[in-house]
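First the structure, in the form of structure tokens, and then the observations on it.
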Amino acid sequence: MNATSNLSLHHVRSVGAVVRDGYLLYTSNFKRLFRASWIYALLYALAFAWMTSRIIYDVLPLIVISQYPSLEVHWTASTADWILVAIYCLAFVITALLLAAVAIKACDDHRTTDAIQRPDHWWGVLPNKTVPCLLRPLRSKSYAHTTFFKGLRYFGLLFATLLLTGIITSLLTFFCELPGIIIGTANIKAYAGAAMGDPLGLPDYLSTLTFVAFTIAGFIQAYVHLVTIFPLYYACGTIAQREQLNKKFQ
């Protein structure tokens, strides 16, 4: 049995095998997935950096200073600042969905051909080919209804897959975001000091450094998060195979 047949969707797998084969499918096809998704990953990283930077410099000061109600410190964010934060958050959600659509299309290709297709062009796969895969459950009410109730019957499998994948993803995300966390902590301490009456003490280049750090971290994070689709793909495949076996023995 070769590696392709080992990674075929049409097997009943344990939770450990679901997660293992999901990560193996992702890593063994990473070049193809990267070629298909690098533009979306870059947009994701930029949206993530813009969103996080705005939260740090517009929202974080309000949160920190609110912890010192006895001090006469006034730090407010304008309506335009809140609108920008909302726009960047929305852009981040949209780019995350576009990125997920690439992985879902790759899983759909693998389901039908046992292989993830290499994009023909260097710019990857256009949204008109990926977004329909993301929207398919919404277009078919019967598909969504059936999948939902099948998922309830196999809640343990799905929950354990999500839990194990979530733990791995959280650990990897923490290491990706470590530079940004350090910068964010420095900002919190600076704002806390300002609330106590000290000079703000943040260098002028820190906002640019924050944006660059979160852009790099966001690009890496995009591919850390992209892998979570593949264990769920195999979990759904296991559910489908178990349903077929149940029908045979009925």
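The figures here come from the full heavy-atom set of this structure, side chains too, leaving out hydrogens, waters and symmetry mates.
With sequence neighbours left out, the side-chain hydrogen bond (donor to acceptor under 3.5 Å, both in side chains) criterion links D21 to R13. In this structure, the side-chain hydrogen bond (donor to acceptor under 3.5 Å, both in side chains) partners of R54, at least two apart in sequence or on a different chain, are D58. Applying the ring pair (Phe, Tyr, Trp, His ring centres under 6.0 Å) test to F159 and every residue at least two apart in sequence or in another chain returns F155. The side chain to side chain contact (heavy atoms under 4.5 Å, CB included) search around V227 returns Y23, Y26, not counting sequence neighbours. Taking the side chain to side chain contact (heavy atoms under 4.5 Å, CB included) definition, one finds that R118 meets it with R32, R35, sequence neighbours left out. Partners of Q117 by side-chain hydrogen bond (donor to acceptor under 3.5 Å, both in side chains), not counting sequence neighbours, listed by chain and number: T113.
Heavy-atom contacts from other residues, nucleotides or ligands closer than 6.0 Å to CZ of F175 number 12 or fewer.
The heavy-atom pair separating S53 from A49 by the smallest distance is OG-O, 2.7 Å. A45 approaches G218 most closely through the heavy-atom pair CB-C, 3.7 Å. Among all heavy-atom pairs drawn from A217 and C176, the shortest one is CB-O, 3.3 Å. Residues L157 and R242 share a closest heavy-atom pair of CD2-NH1, 4.4 Å.
Taken from SG in C107 to CD1 in I116, the straight-line distance is 6.5 Å, to the nearest 0.5 Å. The structure places CG of L33 at 4.5 Å from CZ of F230, a figure rounded to the nearest 0.5 Å. With rounding to the nearest 0.5 Å, the separation of CG in L42 from CG in L46 is 4.5 Å. For the atom pair E177 CD and S170 OG, the distance stands at 11.5 Å (nearest 0.5 Å). Distance check: F34 CZ to L226 CG gives 11.5 Å after rounding to the nearest 0.5 Å. Rounding to the nearest 0.5 angstrom, the gap separating the CE atom in M51 from the CD1 atom in I56 is 10.0 Å.
Side chains of Y154 and E243 form a contact here, defined as non-hydrogen atoms less than 4.5 Å apart. No side-chain heavy atom of T130 sits less than 4.5 Å from a side-chain heavy atom of I104. Under the 4.5 Å side-chain criterion, counting only non-hydrogen atoms from C-beta, F48 is not in contact with F219. For the pair L7/S28, a side-chain contact is recorded, criterion being any heavy-atom separation below 4.5 Å from C-beta on.
Applying the side-chain hydrogen bond (donor to acceptor under 3.5 Å, both in side chains) test to every pair with at least one member in residues 155-168, sequence neighbours left out, gives no pairs at all. Among residue pairs with one or both ends in residues 209-220, those qualifying as side-chain hydrogen bond (donor to acceptor under 3.5 Å, both in side chains) are Y57-T210; sequence neighbours excluded. Listed by first and then second residue, the salt bridge (charged side-chain N to carboxylate O under 4.0 Å, His left out) pairs involving residues 88-105 are K105-D109 (not counting sequence neighbours). Screening residues 222-235 for side-chain hydrogen bond (donor to acceptor under 3.5 Å, both in side chains) gives S37-Y223, Y44-H225, H110-Y233, T173-H225 as the qualifying pairs, with residues at least two apart or on separate chains.
Under the 4.5 Å side-chain heavy-atom criterion for ILVMFWY residues, no single connected hydrophobic cluster contains both I55 and I83. Connection of V131 to V125 is not established within any shared hydrophobic cluster, with ILVMFWY side chains joined at heavy-atom distances below 4.5 Å, either directly or through further cluster members.
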Anything under 3.5 Å between a donor and an acceptor, one on a side chain of residues 84-101, the other on a protein residue two or more places apart or in another chain? List them.
{"residue": "T95", "atom": "OG1", "partner": "A91", "partner atom": "O", "Å": "3.0"}
{"residue": "T95", "atom": "OG1", "partner": "F92", "partner atom": "O", "Å": "2.9"}

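Think of L232 as one node in a network of Ile, Leu, Val, Met, Phe, Trp and Tyr side chains linked at under 4.5 Å; its network also takes in L162.
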